[in-house]
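Just so you know, ligand 1 is whichever comes first in the structure, and atom 1 is the first atom listed for that ligand. These values consider heavy atoms only, across backbone and side chains, with no hydrogens, waters or symmetry-generated copies.
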Amino acid sequence: MEWIITANPSGKHGYKVLEAFEDLQYVDWHMSRPQKNIREGDIVYIYVGKPYSKIMLMTKCVKDNISKSEESLDELKYYNDFNSFEHKDGSIFFRLKELARMDDERLNIATLNKKEYVKGNIQGSFKSDNNTELFKYIEQCFSVETIEKEYEDLTNEISDAGKKYTDVIVKARIGQGAYRDALIEKYDCKCMLCGIKMKSVLMASHIKEFAVSTKAESTDVNNGLVLCANHDKLFDQHLISFDSSGDIIISSQITDEQYDDLGISELSHIEVDAAVEPYMRYHRKQLK
Ligand SMILES: [Zn+2]
């Protein structure tokens, strides 16, 4: 489940939510009535009120049902008026960890009103099962942000480990991160070649390798394919590629007799749009 909750940084009862998440590893959030179903694993977006009036934080609930005695004290200093603030003994909290933040006009209240995703102000909490379009839109805005963050983390990790580990690190990180999620979403959670719908065997790979791609290329979903483990390996090893219309090109290193076993044929085809072609052109040149 996904949620939007609100935080007001200004005024007497304000809470400096951006600073809190910046400084702390996680924030324990007081659970009000409409939020009582937020559970561990849920994605929680935070709408930050004036002067921002935007959805700015993407967080994940990492623990629910926290009692007052377990609540972290660190974060209380982020209330504008700490003294006026007191949580009752029976209060329940949920723990949020920041995944991404953005300050983007696409997510301000005026834009959300104009696009008719939200009527009037955001108050209380919204949940995804009755606001499908709104949450789809927010996810799109944030996926760009999370993929970029993933890219930064990845390049840092590579520079620490040394260039020769690039392929291993990229495979491992891309294999479980935001880029894979975005691709799987884009291509309907199935192998683009054989159509197998089994998320656990699907791999997301760059068409033009990470090591030779620019940042813009590495974070572009058009530079990625979703294939099952077998087909991913064939593509990765340059034993298959695709022409500009998505028809398969098979390396002469694969014999006709192996086609069946590998689940490919001369007629195999993937559906791709034109934006994929510049990357595919690069890949084709390396066919073995
Ligand atoms: Zn496949």
Student: Quick one: name the protein N/O/S atoms under 2.8 Å from the Zn ion (ligand 1), chain by chain.
Tutor: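 Protein N, O or S atoms closer than 2.8 Å to the Zn ion (ligand 1): C191 SG, C194 SG, C228 SG, H231 ND1.
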
Student: Out of curiosity, I248 CD1 to S241 OG, how far, rounded to the nearest 0.5 Å?
Tutor: 9.0 Å

Student: Taking the six-membered ring for Trp and the full ring for Phe, Tyr or His, determine whether the centres of Y279 and H206 are under 6.0 Å apart.
Tutor: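 No, ring centres 6.0 Å or more apart.
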
Student: Under a 3.5 Å distance rule, please check whether D232 uses its side chain to pair with a backbone N or O of A204 as donor and acceptor.
Tutor: no

Student: Got a second to check how far D42's CG is from E40's CD, nearest 0.5 Å?
Tutor: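 Here the rounded value is 9.5 Å.
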
Student: Between R180 and L202 (side chain of the first, backbone of the second, donor and acceptor by atom type, cut-off under 3.5 Å), is there such a pair?
Tutor: yes

Student: Are the aromatic ring centres of F142 and Y45 under 6.0 angstrom apart?
Tutor: yes

